[in-house]
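Working notes, beginning with the structure itself.
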Amino acid sequence: MKRATLHTGLTLIAVIVLLAVVGIFWTPYSPTAMVGDRLLGPGWPHLLGTDGFGADIFSRIINGAKIVLLVGIVSVSGAALVGVPAGIFAGMKRGWVGEIPARLADILYGFPALLLAILFAAALGGSTWTAMLAISIATIPAFVRIARAATLQVMAQGYVEAARLSGTPGRSVAVRHVLPNIAPVLGVQASVSFGIAILAEAGLSYLGLGSRASEPTWGRMLREAQDYIFSEPVQALWPGLAIAVATMGFNLLGDGLRDLLDPRLRELR
Amino acid sequence: MSIVELRGAGVTYRRGGRPFVALHPSDVVIRPGERVGVVGGSGSGKTTMARLMLGLVPPSEGDVLFDGRSIVSLPERRRGWLRAAASMVFQDPNSSLNPRMRLRDIVAEPLRSPVLQGRGDVPAPTVDVLAGALQGVGIDAGMLERYPHQLSGGQRQRIAIARALISDPAFLVADEPVSALDVSVRAQVLNLLTDEVAERSLALVLVSHDLAIVRHMCERVLVVERGRIVEQGAVGDVLDSPQHPYTRALVDATLTL
Amino acid sequence: ACTRPDTGSPTEGGTLNIGVTTRPDGLDPITVAGAGTPFVLLYNVYETLVKVDSDANIKPLLATEWTVSDDSLVYTFTLDPGAKFASGAPLDAEAVVANFERNRGETATAQIRDKWGPVDTIEAVDPATVEVTLTRPSHAWLYDLSGPMGIVADPAAFATINTTPAGSGPYTFGEWEEGSYIRLASNDAYWGTPGRFTDVYFRYYSDPNAMNAAMLSGQLDIISNLTVPQSIEQFRDESRYTIHEGTTTGEVVLGFNHGSAPLQDLKVRQAINHAIDRQTLVDAVWAGIGPLIGSHVPPTDPWYEDLSQAYPYDPAKARELLKEAGHETGLTLRLRVPVLPYAPPSARFIAEQLGEVGIDVVVEELEWGRWLEQVYANHDYDMTIVAHVEPRDMTAFSFEGNYWGYDNPDYNRLLEEADASLTEDEQVAKLKEAARLLSDDAAADWLFLLPSIIITTPDISGVQVNQISLSFDLTMLAKG
Amino acid sequence: MALRRVLVRAAWLLASLLLASFLIFVVANALPGDMAQIILGSNAAPGEAEALRERLGLNRPFMLRYLEWLWGVLRFDFGASYISGRAVAPLIAARLEVTLSLTILGMLVAVLVALPVGAYAAVRRRHADGAVVSALSQVGLAVPAFWAGIWLVIIFAIQLRWLPAGGYVSYWDSVGQWLTRLILPVISLALVQGSVISRYVRSSVVEVMQEDYFRTARAVGWSRGGALFRHGLRNIAISLLTVIGLQLATLLVGAIIIEQVFALPGLGSALLLAVSQRDLAVVQAIVLLLVWSVLVINFVVDVTYQLIDPRLRRAAETP
Amino acid sequence: MTPATDAPTLEVTDLTVTFGRRRQKAVDGVSFTVAAGETLGIIGQSGSGKSVTALAIMGLLPEHAVVSGSIRFGGRELVGLGEREYRGLRGDDLAMIFQEPMTALDPTMRVGRQIGEVVALHHSDRRGGIRGEVLTWLGRVGIDEPERIADSFPHELSGGQRQRALIAMALANQPRLVLCDEPTTALDVLVQRQILALLREQLEGRSAIFVSHDLAVVRQTATRVVVMLEGRIVEEGPIEAVIAQPRHPYTRGLIASARIDRVPPGQRLPSVADFYRVEGQ
Ligand SMILES: Nc1ncnc2c1ncn2[C@@H]1O[C@H](COP(=O)(O)OP(=O)(O)OP(=O)(O)O)[C@@H](O)[C@H]1O
Ligand SMILES: Nc1ncnc2c1ncn2[C@@H]1O[C@H](COP(=O)(O)OP(=O)(O)OP(=O)(O)O)[C@@H](O)[C@H]1O
Ligand SMILES: [Mg+2]
Ligand SMILES: [Mg+2]
């Protein structure tokens, strides 16, 4: 069954990626323009209908896929770029120097994404970018923790000792030994964080701290659809479905990777 | 003339806050080209002693000399000459090879280390050199591109030996090099180790709980019990007529066919 | 003479739950700014000498009558002899003077002190008579006296007034569960016709949809203002809800920065006015509810004139005007709007339409605090959208350093003359002229007027349809 | 000495608390938008803002204000709201009740549901039903919490009218009301938390089932479930508690969206409002409370491991 | 249930175990018997299928393992036996001692309770006296302070003490068949010797299987031995006879390489490879 999880995840993600790639070059209509009557139901020529503003929902969904991937990629890679080196440093250095990144991560951990987003929106104005920045910073502690724990495990391995014994400097140990061996764990963490980032963005949009009207994300569409929840409930179906597919995809991928990579799960060894 | 010398060196660990003496102050001298066995029960401090000789644990008291120079207060970056001159083979061949590196890179790693750059006689890690190193331990040069998990346990341990010897050290520590291996392949690894040590006339410290192996490979033996050296001397003398009760118990416990 | 219903039916008792989205920041309307405080307290807990009815006529409340001297400088109020505070203390001239002095004193907000500007002295002639002398004639002053600046609180309670409001109204202050609700209780000792409810809860919602849900699930009797008109469909079932659509005094203004080079040109401003189809805009962003106005005057003011067709939707004309202004090759403008429900969607619409006539609009959304700093205080923008909800606020275009940078001496003079005019007719005439001037100048583009959408259960009567004062007036409300 | 380690850790805690308080003060004060301007709103007269700044003491040196604030905090005096002038401490205390009720109940429900679900998904992971349960248990991670909340309201509050749509009644006023008001928000919260925890339970159970002692238990005659119950849970519990502890800390503010949907006057919505009003006294107090509680929870968790035996420490450290 | 004395306690016929999709045979047509009171040794190289055989008898193979052939225990067929009945046998009639005493005990439960649990699980009638039984058994496996050990957590015990506790756990219900899967490999030589002596004493009169890759160890407890190689049995016989006259070249290599002490220092050690080429070596 473990492969099934992985494959389902990959399939769902592939769908989103496909939409995103298409969205870069082409959408049936402009995603922000008024192109038809307001609040049309699904049909032709507006496949999924139009929203309260008269914009084509299908175009907006395609356009949103691009942004959702962007949010995921930027916020997760941003967090990893800072968190992973800090975590490796913390795991490799003994004594109080190694403690510092861990303690800083603790402090940061107390500032959940939402809090940061509120502050950033106040400081810089709410936008997809400030949301990404907030999500990114809030994700750093997770990477620090996981990288540190994994590094500690790697550092206890014989090959690290062997490398040290042959005089390999710390930086090379980090690059040659630690990083490749903690990469799978980081991969799992990244895919999980990806799903969380997508949901976080939706949540921020709900609070009006996320994307702007001019760059509609699925979260924002959901928020706008909420005003019509009684009269036009299908309005809310599409972005909701899209978010569910994307997050589900990344979560399943994470689970699949974990099962695939965890040597302890190869039974009876 | 000694290559390694412990002068009243002891190690105390803090375990769960409580100090624990893993090695009481001991005096040990290893001479160049000498093969010394260290035997004792589990947890008696054998590994600790071996790591102490390589500067991998700091002594809590006493002094450790390598090539006549104290290494105790040297920071890591000034231990290059020590790193260049000493190597180690670990007990567990699985964890001592990085699963994500090819054999080529594993064996080449010591040659790439900056500590060897000062030494004139170091070969560049070319394919020929690496293939030669592999052949030296009886492994086909075609395996250079393989990963450790594609090898058997015995082959892995031979790679570990190749890595330990490629920088042409003067001193080798082998910490239970065969106890994780299947009986059927132990002999091959031990033969290899014997040949290499003889060929390079390097000093060897062999840690083992198997008296037969120590008897076969070493000239001198140290018996360690609960962090103390309780007996030492020539292998034949100590193992044939043990003086200390602990040594006697060890000899008695050894099963033979 | 009495504005309260005297239909005789006594207090029926019962509880009334009102959903509100504007929170109070404190409980003293004098020292705390913001619309949330008077919304609950004015006319319900605190009363004023005069009150404005739904046709914008000034009517007696605590004062049974008042006279104005010929030079329009001396106002003499006669107090209702029956008026008393909820504590039982008499509401006499002494108390009124004490209040007025406090209301124009140090602790009052700048806004309120400002409104007291024309006043020179306040005196108690006898226990039932108060005399106020102005330094210059002002119509606005008497009108404003019906708002927060004129409240008469119980002087005995001044020390604790910011935690426990005490006044003379039909309701007394119950408690404030911050973030949840304010409860008012009926004032059993009320000197007029008492309120109909034993308890009235003003329940606060930061999410308008949560308020709608509460109404739909039967937790509320009234939604005091539906701030997401798109959701009005939910309340279309007449057997369960009554929708009261009315007007407010909130003009949604597409403001131009008159300090920005292209917008200094009247033609450009007019072009923009022609380029925007305001009716379609209201349909798209405000569910089609909300009248078009065309100047800074809501229909409830006596000097209202329908100027909404001064610049009919005419993209061709707009292009023409732009060409004349030398912008045929295109023009880029920054539209920086605060994140408030109406602004970003309007901005999106406007960007679309201006794009069609060759104006490239860069929309930026700013959090309210940043908007205040960058747009309102620093004038760093080309166009912006914000609703001006204060009643009778044509002065917004006249005061020095206003954020539009609009400075027209003729306009300023008209406003001054209107305020100082001796007759009401003269005032109305002057203000009509001023409003037209604004429109002719295309000083801004008045997109629409925020509607007042009150939802009640069908059994509620006495709803004040037009929200023209700052109060949510409970005095007429009845159930059943 | 174990005590020594604890003391060292405590020193780190103190340093972290101090640093956090400073960072919070810096961040709050770095918020753009002039507080005086915002208080005065869009009707401010010129010069007014400057006078207000002076009155609020905002013109004094930064470090002085920080130290004064910190000194106040240490005496449980968080100052007064700049907007309403009311003391901040009681305001937060009232909000805290809401937030704590919501998060603790939410966590409780989440754990009660996640344990059996996660365990089932782990035990039956090679079967279709296990995979289905596993997938279903992740729905909470795929659907935005506010979305779930809105649908719960529509179904249970509006259509069926079984439960109120929102609002809060204090536990001390009416336990029954308190509970009925919290049911829907707690479910929406538990949906997400339950997914997170069930995922965690699943992987822990899978891990435990690889352990030698689990095989021993089976060899001795326990059924899979019996072995899991007797020997697995105890081992999972320790690390699960960590996760719950830390999760609880993030939840304190994470519940903000739920607070919005269900009109609950908790810390999150107070923070949201305070930031938009630039009511720095309230912002600083709430953020400090949240960050400090995370740090303290972390500390308690760490120290617990220092004190319990090394075997457990190992088990608990695996993330 | 008293079996006829002449019938073997365990009779394994043509046992085959395959794993996963690749259908690799971990155990390939293995047949052997264990008579009542006899200890059978199984030796063989790492990966030759020793543990899988033992686990197949216990019914503890992972779900993706496919077992065919027959395992008759006291006349009862174990292959395909229902989980519920199997559970009744495990720990009561059938017991197993594992290799790693470090990890085979639950770290969060006191040792005494873990032992007592085995008894309580199968004999609810003996509930009252369980503490006594536990202490008796701890005494029997050579523990000096049974009270203290029973009240300790596993990590507070030495390796030898833990292995003793595991043995007490396995023997507590007087099982008819005890499977020992390399029970002494993780122990140090001194402790190994004590445990082997203990096992020899305790397995006396009981049927048992003793798995190891070390002939010298198996010799301490077993009377008969089977040699496994790549999932098959390549040699079988009384242990002394096999040591004296090994027939299969692999066995010969195994014995030669175990006799390091007979090789003069400096000379090459004989290895299995000199006798028999095992794949992958
Ligand atoms: N880093 C450490 N911290 C605390 N105690 C340690 C540490 N390393 C070793 N010890 C303890 O020191 C003692 C000696 O350990 P050492 O590893 O030297 O024994 P050994 O003789 O090599 O045993 P084995 O045969 O099991 O490898 C043991 O009791 C061990 O638990
Ligand atoms: N759960 C499993 N899934 C797949 N293959 C397995 C599994 N368990 C064991 N095997 C395979 O079965 C074969 C026999 O393994 P087994 O554990 O019985 O060897 P062994 O003789 O006990 O070796 P050792 O002496 O190392 O314990 C090996 O090739 C192994 O890879
Ligand atoms: Mg050791
Ligand atoms: Mg095995």
Side-chain angles (χ1 to χ4, degrees), chain A residues 1-2 4-5 8 96 99 102-104 106-115 118-119 121-124 145-146 149-150 152-153 185 189 192 195-196 199 202-203 206-207 209 219 222-223 226 229-230 233 236 240 243-249 251-252 254-255 258-259 262 264-265 267-268, chain D residues 12 15-16 19-20 23-24 27-28 30-33 125-128 130-131 134-135 138-139 141-147 150 154 158 192 195 199 202-203 206-207 210 246 249-250 252-254 256-257 260-261 268 271-272 275-276 278 283 287 290-295 298-299 317-319:
Chain A
M1 281 330 280
K2 57 185 169 190
T5 316
T8 318
W96 64 273
E99 281 277 304
R103 295 299 138 230
L104 283 178
D106 274 0
I107 294 179
L108 202 53
Y109 188 74
F111 284 83
L114 216 53
L115 202 56
I118 296 172
L119 297 176
L124 308 168
R145 272 162 183 271
I146 208 107
L152 284 173
Q153 273 178 18
V185 194
Q189 177 64 36
V192 172
I196 295 175
L199 275 193
Y206 175 82
L207 294 176
L209 301 168
L222 208 49
R223 203 280 180 271
Q226 200 193 331
I229 194 113
F230 279 88
I243 291 176
V245 166
T247 45
M248 203 70 154
N251 284 331
L252 290 177
D255 279 353
R258 197 199 315 267
D259 286 359
D262 193 343
R264 278 172 298 191
L265 296 189
E267 278 144 273
L268 246 182
Chain D
W12 276 109
S16 306
L19 181 61
L23 288 179
I24 288 163
V27 169
L31 281 179
R125 73 186 183 290
R126 295 188 179 282
H127 301 262
S134 179
Q138 296 312 299
V139 165
L141 279 175
V143 176
F146 65 87
W147 199 231
I150 290 165
I154 288 173
I158 296 177
V192 183
S195 288
R199 185 194 192 99
R202 178 182 178 273
S203 72
V206 168
E207 224 161 85
Q210 316 301 319
L246 295 177
T250 35
L252 286 176
V253 83
I256 177 171
I257 293 178
Q260 295 288 108
V261 172
L271 179 67
L272 202 59
V275 171
S276 72
R278 298 294 187 279
V283 173
V287 177
L290 296 170
V291 175
W292 276 17
S293 53
V294 171
L295 291 175
N298 264 341
F299 170 73
E317 268 165 11
T318 39

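Every heavy atom of this structure was used, including side-chain atoms; hydrogens, water molecules and symmetry mates were not. Labels below follow one simple rule: chain letters A, B, ... track the order of the sequence lines, proteins then strands, and each chain is numbered from 1.
- Contacts of A/L152 with chain D are absent, with no heavy-atom separation under 4.5 Å from either backbone or side chain.
- D/W147 approaches A/G240 most closely through the heavy-atom pair NE1-CA, 4.5 Å.
- Shown here for A/L199 and D/L141, the closest heavy-atom pair between the two residues is CD1-O, 3.0 Å.
- Neither the backbone nor the side chain of A/A246 has a heavy atom closer than 4.5 Å to any heavy atom of chain D.
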Under the side chain to side chain contact (heavy atoms under 4.5 Å, CB included) rule, what do A/N251 and D/R199 come out as? Steps first, then yes or no, please. CA-CA 10 Å; A/N251 284 331; D/R199 185 194 192 99; 3.6 Å; yes
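- Closest of all the heavy-atom pairs between A/M248 and D/Q138 is SD-O, 4.2 Å.
- For A/L209, the part lying under 4.5 angstrom from a heavy atom of chain D is the side chain only.
- Here the side chains of D/F146 and A/L207 are not in contact, with every heavy-atom distance at 4.5 Å or above.
- When all heavy atoms of A/I107 and D/S16 are compared, the pair lying nearest together is CD1-O, 3.6 Å.
- Taking chain A as the reference chain and counting heavy-atom pairs below 4.5 Å, the highest number among D/V283, D/V261, D/V192, D/V139 is found for D/V261.
- Between chain A and the residues D/A15, D/A135, D/A142, the largest count of heavy-atom pairs under 4.5 Å involves D/A142.
- Top candidate by heavy-atom pairs under 4.5 Å with chain D, chosen from A/V245, A/D106, A/I243, A/T8, is A/D106.
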